[in-house]
Amino acid sequence: REWAVNRKTQGFCDGDSRTSYGRQSGSLAVGCKLTMNKKEGQRMAKLTFKGGIHPYDGKELSKDKPIKAVLPKGDLVYPLSQHIGAPARPIVEKGEHVLTGQKIAEAGGFVSAPVYATVSGTVKAIEPRRVVTGDNVMSIIVENDGLYEEVDYPEVKPLEEMTREEIIERIKEAGIVGMGGAGFPTFIKLSPKEPEKIEYVIANCAECEPYLTSDYRRMLEEPEKLVDGIRVYLKLFENARAILAVEDNKPDCIELLKNLTKDEVRISVKALRTKYPQGAERQIIYATTGRSINSSMLPADAGCVVNNVDTIVAVYHAVYEGKPLMNRIVTVTGDAVADPRNFIVRIGTNYHELIEEAGGFKQEPVKIISGGPMMGFGIFDLNVPTTKTASALLCLTEDDVSRMEPSACINCGRCVEACPSRLVPSKLADFAEHYDEEEFLSYDGMECCECGCCSFVCPAKRSLTQSIKSMRKMQLARKKKK
């Protein structure tokens, strides 16, 4: 086996990633090597990671259909919190006429992002509206006039003539956030303290989440925008090389991107082994560079910057065309959907309209998930808007999870073998269920990436991820208060 039990610390050591975890350490063991030099990183990059699973991917439902543009019909709802950080502040009033591409809310702080109208029309209200998480969030509601009149976008300079500060400001002003995860403002990620130490810009093209195919279609239909977007990143980080990291179950994308970048000295395409969660930030950094980070580190600490396909394309639109973030691709799929496919959606569009565009339901869904089946979350109402971070709408005719009856742990170790963070999920879940914070932290519970692998493989059908996630939230909230 590639990891060995350490009896003294009651933990284990991952030999390749040079990271050990132990009960006595209380965190990543002191002295373990978390980052490597460039030569060693190239040698250690094995295009995969330890742990992980191979669930049914369901991608055949939508991957072969071209992206379809959707024009919204009803009101558009723009939540002011579509990102990590402070909510945006409205700069329009009820009754005011707005145009497509007009800023309607400004950043509410340093860690924040502005919001733009994606249709022309009249501001109908500024009030709380329900979002996919079930929360009521203050939102701007615009009554669509159906004309889609646009503002005049600012003139743009050629990339070669732009300074680093001008590029960062353009990305900041465009309201771009991470569109594959939590919605962290992109301009902050592209502004590390020591940009000269960034050695790798990684385009996360893995799309390992089952059922999702939006990045796949984007790479097939608009690969030039992805490559041009990467050139923006290379302009920002002059000492870096770019890696387009694609899972090897997408050979057509790999060939297409290799052809586009064959003359690019600083851009390479790497075919990663297909495995979930290959697209998780820590895993993709390790798979492509051989470098490891933990929960207390940023990718920049390992000399890396990581962004997903949609975010990089949004950067392309902002820098090359002067356009703010106004739309994204959403996968509408599942065995309950009549015509599963990918849609280019204007932010603020109601989920009901996406289901209508996909031909409605051929069978009433039992489970509806925002996102994918591994890291998405169930929703109870389709009357919610798409946001900057809305990646998919998954509608299933069966709810396998609700039928499961959990039983006692049989100590089989499958969760340990599957865990990409090399933890002991069964133990962590026990500590979480008993609110034993000290033991939870001593077993490095904060290193969990909440990927769901442990719950997926557990023969006792325990909700391991959910228990660990709840305890992690408590710890993060407590840390924030301090």
Side-chain angles (χ1 to χ4, degrees), residues 68-83 85-109 112-155 170 172-177 179 183 185 310 314 317-318 321-330 332 343-358 360 370 379 381-390 393:
K68 181 180 178 183
V70 175
L71 286 178
K73 302 166 187 173
D75 294 344
L76 280 289
V77 178
Y78 304 99
L80 298 177
S81 293
Q82 301 185 42
H83 50 266
R89 288 192 295 260
I91 55 174
V92 293
E93 297 178 351
K94 182 179 178 179
E96 187 173 337
H97 184 75
V98 297
L99 300 176
T100 304
Q102 178 180 333
K103 186 192 291 188
I104 57 177
E106 63 185 5
S112 186
V115 178
Y116 289 81
T118 57
V119 296
S120 57
T122 305
V123 177
K124 194 174 180 180
I126 302 176
E127 62 188 21
R129 287 292 181 95
R130 194 176 301 282
V131 294
V132 291
T133 57
D135 299 324
N136 282 315
V137 175
M138 190 61 70
S139 306
I140 299 172
I141 296 89
V142 174
E143 185 177 7
N144 182 9
D145 62 12
L147 300 177
Y148 303 102
E149 297 173 311
E150 291 190 85
V151 299
D152 293 325
Y153 298 109
E155 291 185 9
R170 181 63 56 84
K172 178 181 179 180
E173 189 62 21
I176 300 171
V177 302
M179 298 168 71
D310 243 2
H317 287 299
E321 299 176 354
K323 293 183 178 180
L325 175 56
M326 295 186 291
N327 55 49
R328 65 158 300 134
I329 301 176
V330 178
V332 181
F343 298 96
I344 186 80
V345 179
R346 297 186 183 225
I347 292 166
T349 303
N350 192 283
Y351 271 10
H352 271 301
E353 295 186 31
L354 299 186
I355 295 296
E356 289 176 11
E357 289 289 339
S370 177
I379 61 175
D381 187 5
L382 284 171
N383 188 28
V384 292
T386 55
T387 61
K388 296 177 182 181
T389 57
L393 189 58

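The shortest side-chain heavy-atom distance between Lys103 and Glu173 falls under the 4.5 Å cut-off. Between Met138 and Ile126, the closest side-chain pair of non-hydrogen atoms falls below 4.5 Å. Put simply, the side chain of Lys73 does not reach to within 4.5 Å of the side chain of His352, judged on heavy atoms. Between Arg346 and Tyr148 the shortest side-chain heavy-atom distance falls below 4.5 Å. Residues Thr349 and Thr118 have side chains not in contact (no heavy-atom distance under 4.5 Å, counting atoms from C-beta outward). Looking at Glu127 and Ile141, their side chains come closer than 4.5 Å, going by heavy atoms from C-beta outward.
The side-chain contact (heavy atoms from CB on, under 4.5 Å) test with Tyr351 singles out one residue from Val330, Ile379, Val345, Val332, and that residue is Ile379. Exactly one of Leu325, Asp310, Asn327 qualifies for a side-chain contact (heavy atoms from CB on, under 4.5 Å) with Lys388. That residue is Leu325.
When every heavy atom of Pro185 is checked against every heavy atom of Ser112, the shortest pair comes out as CG-O, 3.6 Å.
The distance from atom CD1 of Ile344 to atom CD1 of Ile329, rounded to the nearest 0.5 Å, is 4.5 Å. We find the CD1-CG distance between Ile104 and Leu80 to be 8.0 Å, quoted to the nearest 0.5 Å. Atoms CG and CD1, from Asp75 and Ile140 in turn, are 13.5 Å apart once rounded to the nearest 0.5 Å. Separation of atoms OH (Tyr116) and NZ (Lys323) is listed at 14.0 Å; rounding is to 0.5 Å.
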